[in-house]
Each structure stands twice: as C-alpha cells, then as structure tokens.
Chemist: 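A single structure is presented below for examination.
Being a predicted model, the structure only gives us computed values, none of them experimental. When a residue number appears, it is its place in the shown sequence, counting from 1.
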Amino acid sequence: MKNLIIPIEIKHRELQGAIVLSYIALKRGWTVYLGQKSQIFPFIKFFSKSIWFLKSIVPGELSNLLKIKSFDHKITTLDVEGLILSNGKFGAIKRYSLATIKEADIIFFWGDKSHYEPVAKVFPSIKHKSIISGSPIIDGWHYEKLNFLNQTKSTDNFKKTILISVNFARADPNFKFARKVYEKFYSGFYNYKKNELDSYNNLIEAEYKLKEVSFLHFKDIIPKISKKFSECRIIVRPHPEENLDFWKKYLSTYKNVIIENQKSTSSQLLISDIFIHFNSTMSIQSCYFDKITLMFNPIKETSLNDAISPITQDVSIICKDVKELFKNIANPDHKIMKTKKKKIKNYIRYLDNNNNLLSSELIINQIDKINIKTNNSKNRLNSIYSIISYTNFNLKFFILFCLGSLSIIIPFLRKRFERFRWRYVLGKKKWDKTSKKYLFDYFFSLIKDKEFQNKLVIKKHFGGFFILKLDK
C-alpha cells in the first residue's frame, strides 16, 4: 500500500492544490491522508511507512522532520510560500537550512528564477535533490479556468469588476508582535550569528513597516476608487489571517463594494477585469489569467521599497500615485500586460504548449520513484496508543498555552513560551471546521471526472484529518 501524507497549514491557501495532487495520486493507486498540520503531526509514529509532501522545510520545523525520518518515512516538499521569497540571502535561509535540506528526499520548486536559483545560490547542496515542477496550486488555477470557460456567464449592471487584495495581516496591531515571534522562531533566527541577526532583524522590521504604511494607503484609496468608479463592482479580498470585521465595518457605506475572502482567489480573479494589489503573490496568478494587474505603491522611502519583491513588480504595472492608478483603471494598457504575461514563465512552471504535464502529475511521477520499504509496516492510527498519544499531544499544547499566557507577567518565560500564547487564536484563522461533505463537494466542483466521483471514499479520523481512497 502506497501512502501519501499531505499536511496543510492554511486551508484557503493550500487545500485546492492539495485536492488536485490527491486526485492524481488516488488515480495512481495511492492512499492519501489530508488535513491540517496539527491534526496529522501527533500521529507521525502511527502511520505505516509513507511519503510526506510537506508545505515547507523551514528551519523551525527541523524537530518534526527528524521525527518523521526516525520512523522511516520519506520527505518531499514544495514550499507553498516560496513563490515570492524575501529579498537577498535572507529569503533562502528563512525557508531552508543545511539541516532541513539534508532530511528531505526530494525538494520541488515553483519555478526557476522565483525560487530555485536564489535558494541553490545559498545552498548548493540542494541541487542534487531539486526538481522544478511548478505547484499543484497552479493546477488548481488551471481547473478553475476550465470550469469558468464552460459556465454560462452571468450579467449585471456593473461596467467592470475590480478585485483589490488587502494583504496586511502583518499590520494588525493585535497580532503583529505574535507574528514576529512565530516568524523569527520558524525562520531559525536563534541559530544566526549576531551580525547576521542584526541584518535580518532590520529586514524583518522593514517588511513589517512596509505593510503598515501600505495598509494606510489602501485604507485611503479604496473609498476613492469606489466613488470615482461608482459604475464598477469592487471586490475587496482580505488575507485569510486579516481582520475581516475591520474591512466590513470600514467599507459598509459603499454600495458597490463587496468584502469576500471565502471564495477561491481563482474564482474572484476570473470574474474580474482589473486586479489591484501591493506586493502580493496573487499578482502572478492575475497575470496567469491575463488580467490587468496593477501594483499601487506611492511609498517614497528607499529603505522600504528595497524590501518589495522584484517579481511582483515585474508582472505588474506600477502606479505610484492616485492619478496613475485611476488612469490605468479607466484605460488599461493591454499591450503592456501581454509583455508582463510572458515574464511569468521565469517564475512558475505550468501546463501549456511547452509543458504537457500538470505539476501534480510531474510530482507524483517523481514520488512514485522513491524506494520505500513497507514490509512489516502497519498502520496503527486507531490503536489505544494513538488515542493516548493524541490526548497527550493536546494536553502538552494546553500546558504550553498556559505557560505562554503566564509569560505576560513572568518575564523569564517569554523567550521559550511566549509564542504559544497565540497558537490557538492564529490556528483558528488558518483552518476552520471541515466536514467530509465539504471535501466531497470541493473535489466535485473542481474536477469533473464522474468515474472518479463514483469511486472516491473519504473517511474522517478522530484526529480531524481525512483518509482518501478509491474503491476498486
């Protein structure tokens, strides 16, 4: 029995791609285990020997990687956040380390210049286990586009639809400090030398400051866009970890504005004519869908602009003030966007006339080649020991949460336990309750394969993750 385990961190970001990858794997005879990281990781030692497809191998995850390998599992990974890295060497060492690279059997990449080249430059040892595959997330874009083209188009009274991404979770004062603590821990900050630490701390501070300043700019510009282009429908999409209630209240009086982040990014982009963002990964996706892609950036400070990704700028028309933005909304330059579209091949591999395989197919082809001995390897996911272990795991994190809360008043606890104070709140933003029906519906709305639909079996484990098989 071939087992593929796909732990997810953020549902709205990763589930669609995981479903496409699962679809290909299931058709090749694999059993797939799919769920949130915190649902799957407590059972590492109870899975029979399996291939793990991890969303990242950041330095802070080394202990989990070592545990996975200690039970003779194999590790593959594609960094779900690796499409747009932080600039310079820091972008690589924030997402990888020599130790985590050593534990991985295959490391997949979105594309060449976006991710592989910057990482291989810092970690040459990664080259012999690297494959530029593209991402299952891009496959999800492909399927959504096919479904959209086959739909009957609805009509309304709006002249255009403008989609605006507000990706400013880092600017939220309620969670900014906690995010920094988490980010520094998982980036392996505590392993850096002092001179490196000072440099990277400065970059982190610049990235956070950048979000704070751009948040104020978007807070100001969205009402102006609504008034200036009252004949247009404006969809504002907050990041899944952002304060949705703030935007709903702040923009409640603007009748042509919709606040929505539950629908997929693809479905929103496909119905839109123009996409407005600031340094957003969605700019690549917008360009992929041939949409007018505008980056609104009136920031003048060089130190802040140095922290912006050159990739998001390369695929976008840059608007440095309100006048330029309004001009590009009213009279978009499609010729410039055609030249932008050609550039995305530098950053992502995807199905087209030159690549005849989905990224998920290429990934499963490579995973199929991994030699993993499953003799005498038993699945003990429902044993009494797994139940006890799962209970202990949750008890442990409850204790850590309590210690994190106590760190408010006991200073010496802060360095080790402070981040656990925020685990529950941030975790709820990443993965809400998910049922078997939801997963079935998601599969069938995305992938139109009736034979597959009739054979798909989904079971939910008591830990919360799902077990997917095809009936023979």
Side-chain angles (χ1 to χ4, degrees), residues 1-43 47-48 50-55 80 135-152 240 260-271 358-361 363-364 367 379 381-382 390 427-472:
M1 180 67 70
K2 302 185 295 183
N3 296 327
L4 178 63
I5 302 174
I6 309 176
I8 290 172
E9 183 178 22
I10 299 176
K11 180 178 175 180
H12 292 297
R13 181 182 66 191
E14 300 161 50
L15 183 57
Q16 186 178 87
I19 280 177
V20 181
L21 186 65
S22 298
Y23 168 67
I24 301 300
L26 288 164
K27 292 189 74 173
R28 301 277 186 90
W30 290 76
T31 296
V32 176
Y33 298 86
L34 176 65
Q36 217 275 340
K37 286 169 54 179
S38 63
Q39 297 168 343
I40 290 177
F41 279 11
F43 298 94
F47 285 103
S48 57
S50 305
I51 308 291
W52 291 63
F53 185 79
L54 300 179
K55 52 80 58 181
V80 73
S135 169
I137 290 174
I138 303 173
D139 296 340
W141 304 350
H142 167 76
Y143 277 109
E144 287 226 51
K145 186 175 183 179
L146 289 179
N147 294 337
F148 177 78
L149 294 174
N150 291 325
Q151 288 175 1
T152 303
E260 171 61 69
N261 70 353
Q262 295 302 301
K263 294 180 180 177
S264 70
T265 53
S266 294
S267 64
Q268 289 183 326
L269 281 166
L270 286 165
I271 65 168
L358 291 169
S359 297
S360 296
E361 292 176 304
I363 289 168
I364 295 301
I367 288 176
N379 183 324
L381 291 172
N382 294 306
Y390 180 66
K428 282 178 66 178
K429 291 176 176 284
K430 293 179 178 181
W431 185 276
D432 54 14
K433 289 185 178 179
T434 305
S435 65
K436 283 198 305 181
K437 182 180 184 305
Y438 176 90
L439 210 55
F440 270 117
D441 291 345
Y442 205 145
F443 261 104
F444 302 156
S445 66
L446 186 65
I447 299 170
K448 311 301 182 184
D449 183 337
K450 290 186 177 179
E451 183 180 358
F452 174 82
Q453 292 178 16
N454 293 332
K455 291 183 177 181
L456 180 62
V457 177
I458 300 177
K459 296 181 180 179
K460 190 169 186 178
H461 187 263
F462 69 80
F465 62 86
F466 297 92
I467 305 166
L468 288 65
K469 296 181 181 181
L470 287 187
D471 265 345
K472 295 181 181 179

Chemist: Flag the pair Tyr23 / Asp449 as yes when at least one side-chain heavy-atom distance between them is below 4.5 Å, and no otherwise.
Modeler: yes
Chemist: Nearest heavy-atom pair of Phe440 and Leu456: which atoms, and what distance?
Modeler: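 Answer, listing the atom of Phe440 first, then Leu456: CE2-O, 3.7 Å.
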Chemist: Have a look at Ser48 and tell me which of Thr31, Asn379, Asn3 forms a side-chain hydrogen bond (donor to acceptor under 3.5 Å, both in side chains) with it.
Modeler: Asn3
Chemist: Can you name the closest pair of heavy atoms from Arg28 and Glu361 and give their distance?
Modeler: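 Nearest pair, atom of Arg28 first, then Glu361: NH2-O, 4.1 Å.
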Chemist: Let's go through Trp141 and Leu269 carefully: what are the C-alpha distance in whole Å and the side-chain angles of both, what is the deciding distance for side-chain contact (heavy atoms from CB on, under 4.5 Å) to 0.1 Å, and is it a yes or a no?
Modeler: CA-CA 10 Å; Trp141 304 350; Leu269 281 166; over 6 Å; no
Chemist: Do the side chain of Glu144 and the main chain of Leu270 share a donor and acceptor less than 3.5 angstrom apart?
Modeler: no
Chemist: Any side-chain heavy atom of Tyr143 sitting closer than 4.5 Å to one from Val20?
Modeler: yes
Chemist: Would you please name every residue forming a side-chain contact (heavy atoms from CB on, under 4.5 Å) with Ser445, sequence neighbours left out?
Modeler: Tyr442
Chemist: Is the backbone of Ile10 close enough, under 3.5 Å, to the side chain of Glu14 for a donor and an acceptor to pair up by distance?
Modeler: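 At least one qualifying donor-acceptor pair exists.
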Chemist: So, taking the atom named OG in Ser38 and the one named CD in Glu9, what distance separates them when rounded to the nearest 0.5 Å?
Modeler: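 Going from OG on Ser38 over to CD on Glu9, the span is 10.0 Å.
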Chemist: How far does CG of Leu446 sit from CG of Asp441, to the nearest 0.5 angstrom?
Modeler: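 Answer rounded to 0.5 Å: 12.5 Å.
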Chemist: To the nearest 0.5 Å, how far apart are CG in Leu149 and CG in Leu146?
Modeler: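 That separation rounds to 6.5 Å.
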Chemist: Identify the heavy atoms of Phe466 and Lys436 that sit nearest to each other, and give their distance.
Modeler: CE2-N, 3.8 Å
Chemist: Please confirm whether the backbone N or O of Val457 pairs with a side-chain atom of Asp471, one donor and one acceptor, at under 3.5 Å?
Modeler: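 No.
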Chemist: Shortest non-hydrogen contact from Ser359 to Ser135?
Modeler: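 Heavy atoms only, the tightest pair is OG-N, 3.3 Å.
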Chemist: For the residue pair Phe465 and Gly35, what are the closest heavy atoms and their distance?
Modeler: CB-CA, 4.0 Å
Chemist: Okay, side chain of Lys37, backbone of Lys55: is any donor-acceptor separation there less than 3.5 Å?
Modeler: no
Chemist: So do Leu26 and Phe452 actually touch side chain to side chain, heavy atoms under 4.5 Å?
Modeler: yes
Chemist: A side-chain contact here means heavy atoms from C-beta on lying under 4.5 Å apart; do His461 and Lys459 qualify?
Modeler: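 They are not in side-chain contact.
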Chemist: Measure from the side-chain N and O atoms of Lys460 to the backbone N and O of Thr434, and report whether any donor-acceptor pair falls under 3.5 Å.
Modeler: yes
Chemist: Is there a side-chain contact between Asp432 and Tyr438, using heavy atoms and a 4.5 Å cut-off?
Modeler: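 With C-beta onward as the side chain, the pair stays apart.
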Chemist: For residues Ser22 and Ile6, report the shortest heavy-atom separation together with the two atoms involved.
Modeler: OG-CD1, 3.6 Å
Chemist: When rounded to the nearest 0.5 angstrom, what distance separates CD1 in Ile363 from CG in Leu358?
Modeler: 10.0 Å
Chemist: Could you tell me whether Lys469 atom NZ has more than 12 heavy atoms of other residues or ligands within 6.0 Å of it?
Modeler: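 No, NZ of Lys469 has 12 or fewer neighbouring heavy atoms, counting only those of other groups under 6.0 Å.
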Chemist: Distance-only, no hydrogens or angles: does the Asp139 side chain make a donor-acceptor pair with backbone N or O of Ser360 under 3.5 Å?
Modeler: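 Side chain of Asp139 to backbone of Ser360: a pair is present.
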Chemist: Are Phe43 and Ile5 close enough that some pair of their side-chain heavy atoms sits under 4.5 Å apart?
Modeler: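 Contact flag for Phe43/Ile5 side chains = no.
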Chemist: Taking the side chain as every heavy atom from C-beta outward, state whether Phe53 and Ile364 have any pair of such atoms under 4.5 Å apart.
Modeler: no
Chemist: Are Phe462 and Tyr390 an aromatic pair, judged by ring center distance below 6.0 Å?
Modeler: yes
Chemist: Can you confirm whether Phe443 sits close enough to Gln453 that some side-chain heavy atom of one is under 4.5 Å from a side-chain heavy atom of the other?
Modeler: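 Of all side-chain heavy-atom pairs linking Gln453 with Phe443, none is under 4.5 Å.
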Chemist: When rounded to the nearest 0.5 angstrom, what distance separates CG in Leu468 from CD1 in Ile19?
Modeler: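 With rounding to 0.5 Å, CG (Leu468) is 8.5 Å from CD1 (Ile19).
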Chemist: What's the spacing between His12 NE2 and Lys263 NZ if we round to 0.5 Å?
Modeler: 13.0 Å
Chemist: Can you establish whether the number of heavy atoms outside Lys448 located under 6.0 Å from its atom NZ is more than 12?
Modeler: yes
Chemist: Any chance CD of Gln262 has more than 12 other-residue heavy atoms, nucleotides or ligands included, within less than 6.0 Å?
Modeler: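 Yes, the 6.0 Å shell around CD holds more than 12 heavy atoms from other groups.
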